[in-house]
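Presented below is the structure to which this report refers.
Labels below follow one simple rule: chain letters A, B, ... track the order of the sequence lines, proteins then strands, and each chain is numbered from 1. It should be emphasised that the depicted structure is a prediction, and the values quoted were computed from it without experimental measurement.
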There are 2 protein chains.
Amino acid sequence: MAGTGTGVPGTRRRGGAGGRVGLTPERIVDGCLALLDEQGPEAFTFRRIGGYLGVDPTALYRHFRDKDELVLAVADRLLARALEDFTPTGDWRATLTDMLVRNRTVYLAHPEAAVLSVSRTTRRAAEMASVEITLGALADAGFPPEEAVRYYRVLVDFVLSWCGLEAAYLTLDQAARSGDEGAWSREYAGAPADRYPHIAAAAPYLPDVTEEGNFMLALELLLDSIELRATKLAAAAQAK
Amino acid sequence: MAGTGTGVPGTRRRGGAGGRVGLTPERIVDGCLALLDEQGPEAFTFRRIGGYLGVDPTALYRHFRDKDELVLAVADRLLARALEDFTPTGDWRATLTDMLVRNRTVYLAHPEAAVLSVSRTTRRAAEMASVEITLGALADAGFPPEEAVRYYRVLVDFVLSWCGLEAAYLTLDQAARSGDEGAWSREYAGAPADRYPHIAAAAPYLPDVTEEGNFMLALELLLDSIELRATKLAAAAQAK
DNA sequence: ACACTTTTGTCAACACCATTGACTTCGGCG
DNA sequence: CGCCGAAGTCAATGGTGTTGACAAAAGTGT
């Protein structure tokens with residue numbers, strides 16, 4: 001049944017497709033992103049998306065089999081957006097940093113989509129491009145493919161998992177967040193100093209740690225080690 | 001309200017508490033873990049938990065204000081289990097490694113519970129103990145509190161997020177997993193070598209990366225950098 | 001031009017979810 | 001013994017994703 005008709009294959013809607021085309025996957029995805037920006041993550045609902053697009057909620061099922069597929073579509077749009085105006089430089093470390101930071105930025109801009117998508121692999125164009133860039137940068141650093149693969153996996157799993165956690169955190173509703181974030185420093189500061197001396201000593205500095213700075217520090221630590229190994233590798237090759 | 005009565009404070013149920021005590025928070029949490037292990041994460045429902053414990057679902061509200069509080073209790077139970085037979089050694093790096101590996105082991109043993117709990121901060125006994133140990137190890141390494149706090153946050157967020165991703169991956173249903181995991185190496189191996197030369201070169205080595213080895217490498221990279229900074233710090237202190 | 005097929009949106013309904021309030025039952029304390 | 005608060009039950013509410021039967025619209029084949 002699918003693939004019948006006389007239309008040229010590859011065109012937008014081949015031969016015999018009818019219906020009022022007021023709704024497209026693209027428009028739906030755009031609507032989801034706009035809706036998520038305006039209202040919170042709790043607005044990511046078929047009913048509210050439908051209402052936002054002026055359409056019956058179940059009409060979305062004509063374009064996406066279920067909610068998971070819709071989420072993946074939104075996620076893939078985000079990945080593509082992260083690479084939109086990206087140009088790798090000659091510095092492999094700057095290239096890696098730039099790309100990972102871009103990924104984080106785009107994920108955190110739409111946390112609920114990130115939460116559901118970081119654990120999924122799309123294997124589409126945007127993802128392939130990211131992988132190629134990462135592996136290329138590691139090759140520039142001087143690593144042979146079998147070693148570059150290991151660092152690549154560390155870096156990609158690092159950024160995906162980290163963003164997943166941050167995004168999950170942003171997705172918590174108000175009650176849970178106020179219970180969490182605010183109380184961190186407050187409750188830790190109130191810890192009995194005799195039972196938890198190190199916590200008591202460290203508590204005053206806890207609010208100084210920002211999410212952004214925390215991510216950047218972790219990334220810096222990882223890249224420091226990788227760079228160190230690269231220089232050692234180069235030195236060994238030199239010596240031989 | 002709380003703390004009234006004539007009973008000895010600290011006893012199980014103080015003075016004037018009545019009712020048939022067939023249900024305790026401990027029993028509920030145990031039931032949740034057992035239920036999550038037997039059936040999937042989709043079993044984490046007041047209705048199904050109640051049915052599993054042979055009790056009305058709404059009875060749980062007598063012990064936990066809402067579902068979120070129940071999740072926190074489960075999360076803290078996992079943390080406590082990770083610390084059960086833990087004894088820090090004199091080597092700060094070995095201590096950190098041991099504890100983080102323990103956390104991962106416990107989380108991956110209960111992936112469904114891990115997914116729900118890694119993004120939450122419990123601020124309860126087990127978590128406090130973990131934090132104290134971590135900060136203590138970093139203090140042993142020679143870091144002042146304001147710097148130890150930063151590395152502590154990196155390490156805890158690293159292990160939580162990483163385990164969250166691994167656990168989320170383990171909990172994917174069959175359809176999504178077969179779509180994901182198998183195709184990784186397979187589809188990347190089939191990538192056109194002219195468009196993705198680095199992927200083509202690295203593809204043969206991709207199956208060599210195990211989840212366990214990947215985690216250990218990431219942890220090693222982080223600790224390498226931290227240790228390096230510790231030695232530099234010690235050298236600077238020596239020179240002065 | 002007309003019937004036909006396929007798509008697209010609508011409507012009503014189902015099953016499940018967390019959560020609430022009123023009600024019953026129980027147990028220890030005064 | 002009577003009381004009062006705690007523990008458990010029951011029914012109901014408003015929300016969710018998802019499904020199936022139906023109606024209208026747009027292109028195609030003849």
Inset, instruction - Specify the separation, in whole Å, of atom CZ of B:R27 and atom C1' of D:dA7. - result: 13 Å
Inset, instruction - Report the residues that fulfil side chain to side chain donor-acceptor pair (under 3.5 Å) with B:D30, sequence neighbours left out, ordered by chain and then residue number. - result: B:R77
Legend entry - Value in whole Å for how far the C1' atom of D:dG8 lies from CD1 of B:I28: 11 Å
Legend entry - Interface residues of residues 40-57 of chain B with DNA chain D (non-hydrogen, below 4.0 angstrom): B:V55, B:D56
Legend entry - Whole angstrom value for the distance that separates C1' of C:dC16 from NZ of A:K67: 14 Å
Inset, instruction - Look at the side chain of A:E132 and the backbone N and O of B:I199, then say whether any donor-acceptor pair between them is shorter than 3.5 Å. - result: yes
Inset, instruction - For B:R62 and C:dT25, give me the distance from atom CZ to atom C1', rounded to whole Å. - result: 12 Å
Inset, instruction - Measure from CZ on A:F64 to P on C:dT8 and round the result to the nearest Å. - result: 12 Å
Legend entry - Separation of atom CG in A:L60 from atom P in D:dT16, rounded to whole Å: 13 Å
Inset, instruction - Take atom CG of B:L70 and atom P of C:dA18, then tell me their distance rounded to the nearest Å. - result: 10 Å
Inset, instruction - For C:dT7, take OP1 and OP2 only and decide whether either is under 4.0 Å from a side-chain N or O of A:H63. - result: no
Output side-chain donor-acceptor pairs under 3.5 Å for residues 39-46 of chain B, partner residues at least two apart or in another chain, one line each.
from, atom 1, to, atom 2, distance (Å)
B:Q39, OE1, B:R48, NH2, 2.5

Inset, instruction - Calculate the interatomic distance between A:L23 atom CG and D:dA25 atom P; express it in whole Å. - result: 17 Å
Legend entry - Under 3.5 Å donor-acceptor, A:D194 side chain and A:P197 backbone: no
Inset, instruction - Would you check if the distance from the ring center of A:F215 to the ring center of B:F158 is below 6.0 Å? - result: no
Legend entry - Lys/Arg cation over aromatic B:F86: B:R102, 6.0 Å, 45° cone: no
